[in-house]
Protein chains: 2
Amino acid sequence: MDEETDGVLQNKPVARELDAIDRKILGVLVDDATVSYAELGERVCLSPPAAHERVKRLRRSGAIRGTAVIIDPKAVKKPLLTFVHIDTKGWGKTPELMAVSQYPEVEEIHSVAGDTCMLLKVRTEDTRALEGLLARLYETPGVTSTRSYVVLSTYLERPVQPGVTTEWPTPRHMATPLY
Amino acid sequence: MDEETDGVLQNKPVARELDAIDRKILGVLVDDATVSYAELGERVCLSPPAAHERVKRLRRSGAIRGTAVIIDPKAVKKPLLTFVHIDTKGWGKTPELMAVSQYPEVEEIHSVAGDTCMLLKVRTEDTRALEGLLARLYETPGVTSTRSYVVLSTYLERPVQPGVTTEWPTPRHMATPLY
DNA sequence: TGTTGTCGCGGAATTTAATTCGGCCACTAT
DNA sequence: ATAGTGGCCGAATTAAATTCCGCGACAACA
C-alpha cells in the first residue's frame, strides 16, 4: 500500500540495473531505431509486446534519452570538423561561453582537465566559417587562447554503445591498484 | 525510356540540394525521430504522405544516415568521458590503430592536423578502465605519446544540426579574404 | 504560345505496426 | 504455505505507415 499514492503519474524513476536483454535491445536500437517491435522481439527472444514494454521502461528510466536521425554533415554543408581547445582566465566566465552553445555549428562543449579549460567540437562549412567562429571566441571575455585541431579524416564516429568495457589485465610493470 | 533499365534498384543517389522544408524536417527529426508523419507534416505544413515522401528521399539521398536511440552513458556504466590525443611515428601505422575501433569504449577516431596525429573520444566506467585502454594504446606499434583530456562536465552535446552557419562579419583588423 | 512530360502534393484506401488487455507463470517475502 | 509482484505471452483493438491515383504547377520544347 505504500506505492504511488500521490497520484498523477506512476512514472517512477525506474533506475534499475540493466540486464542482458536490456543491453541487447539497446544494441539493436543504437544500430537502427526504426525496427518494428516484432523484429526487435525476435532478435532478443521476446514477444512484440514484451519488447515494447522493455523499451518503454528504458525510456522512462532515462537509459534511452531519445531517438534522433543521424544527419550526414556534408549534406547540411558542414564538412569541416574541428576540435577547439580554449584556455580561460577564470572559471566564472563560463556563462559567457555558454552563449556559444546557441550557434548551430557548435556540437559539444566540455570542461576538461589538462592544460586547457574548455573543449569544443564544431562543424563548419569551410575554414572561412571556422575563422568566423574563432573570431567570436576571441571576443568572449575571459578567453586567453585557443588551439584548433582540424580533422583531416574521421575513421570512426558512432553513438554511445551499450557494450561493456573490455576487461584488461594490469600491465606487468604496474602494481595492483589499492582501490 | 532512358531511366533505370539496369533493373534491381531504382534507388538513384538523389543528391539534390536541400530546400527549406527539408531542413525543417531534419530539425524536427533530430530533436525527436519518433513523431508520426501526421505530426511531422503538420509542423512543416505538408500532408502526411508528402512528409513521408520527403523523409524517404532524405534517406535515399544519404542526408539521413539512419535513426538511433540516444543512450545515457551513465546508464551503461560509462560515466567517464575522455579525449585522447595520440602522436605516432608514421602514418602507415594507422591500420594497427584501427584495431582500437573494435573496443566499445571508443566512440570516435579522427586524424587531425596540429601537434598530434590522432584524436580519440572514449567513454569508460572509471579511471581504472581508462588506464587499461591507455595501456593498450601504448602497446600499439607506432604510438609515441598520448595526452588525455578528462572531461569534468559536459555543457552541450547534440547530434549534427541542420541549422545553417551564422554569417559573421570579417573582423575589423582583418582584410577581406581573397577567396 | 501551346504542348508534353515531370515532379511534388493531397485525399482516400489499404496494409502494417503500435498499443492495450487479460490471463498465466515464476519468484519473493511475509 | 500463500498472497503479492513482476514480467511474459496471445489475442484484440487502435493508430500509423504506406500505397494508390488524380490533380496542378512548372519546365523543356516544339
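In what follows, chains carry the letters A, B, and so on, assigned in the order in which the sequence lines appear, proteins first and then strands, with residues in each chain numbered from 1. Scope of the values below: all heavy atoms of this structure, side chains included, with no hydrogens, waters or symmetry mates.
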| message | Using a strict heavy-atom distance below 4.0 Å, which residues from residues 18-44 of chain A are in contact with DNA chain D? | response | none
| Please, which pairs that meet salt bridge (charged side-chain N to carboxylate O under 4.0 Å, His left out) have at least one residue in residues 75-84 of chain B, sequence neighbours excluded? | A/E17-B/K77
| query | So, A/S148 side chain and A/V150 main chain: donor-acceptor pair closer than 3.5 Å or not? | reply | no
With [X] via salt bridge (charged side-chain N to carboxylate O under 4.0 Å, His left out) - residues at least two apart:
X: A/K74; result: A/D72
X: A/E108; result: A/K121, B/K121
X: B/D19; result: B/R54

| Any A/R57 side-chain N or O less than 4.0 Å from OP1/OP2 of D/dG6 | no
| task | Tell me whether the OP1 or OP2 atom of C/dT20 has a side-chain N or O from A/K56 closer than 4.0 Å. | result | yes
| request: Could I get the full list of side-chain contact (heavy atoms from CB on, under 4.5 Å) partners for B/S145, not counting sequence neighbours? | output: B/D87
| field | Within residues 47-55 of chain B, residues whose heavy atoms come under 4.0 Å of DNA chain C | value | B/S47, B/P49, B/A50, B/R54
| Linked hydrophobic residues, A/V55 as query - side chain contacts closer than 4.5 Å | A/L18, A/I21, A/I25, A/L26, A/V28, A/L29, A/V30, A/V35, A/Y37, A/L40, A/V44, A/L46, A/L58, A/I64, A/V160, B/V69, B/I71, B/V76
| field | side-chain hydrogen bond (donor to acceptor under 3.5 Å, both in side chains) partners for A/D32, two or more places apart | value | A/T34
| said: Under the criterion side chain to side chain contact (heavy atoms under 4.5 Å, CB included), I'd like the reasoning laid out for B/V122 against B/E107: C-alpha separation, chi angles, the key distance, then a yes or no. | reply: CA-CA 6 Å; B/V122 304; B/E107 271 181 22; over 6 Å; no
| At what angle, to 10 degrees, do the two end axes of the helix from C/dT1-D/dA30 to C/dT30-D/dA1 meet, given five pairs define each axis? | 30°
Determine, for [X] against [Y], whether the closest basic-nitrogen to carboxylate-oxygen distance falls under 4.0 angstrom.
X: B/E131; Y: B/R128; result: yes
X: A/E39; Y: A/R43; result: yes
X: B/R123; Y: B/E157; result: yes

| said: Can you pull out every ring pair (Phe, Tyr, Trp, His ring centres under 6.0 Å) where at least one residue sits in residues 143-163 of chain A? Sequence neighbours excluded, please. | reply: A/H85-A/Y149, A/Y149-B/H85
| said: Distance check needed: D/dG6 P versus A/E17 CD, whole Å only. | reply: 18 Å
Taking only N/O atoms, report every protein-nucleotides 12-15 of chain D pair under 3.5 Å with atom names and distance.
none

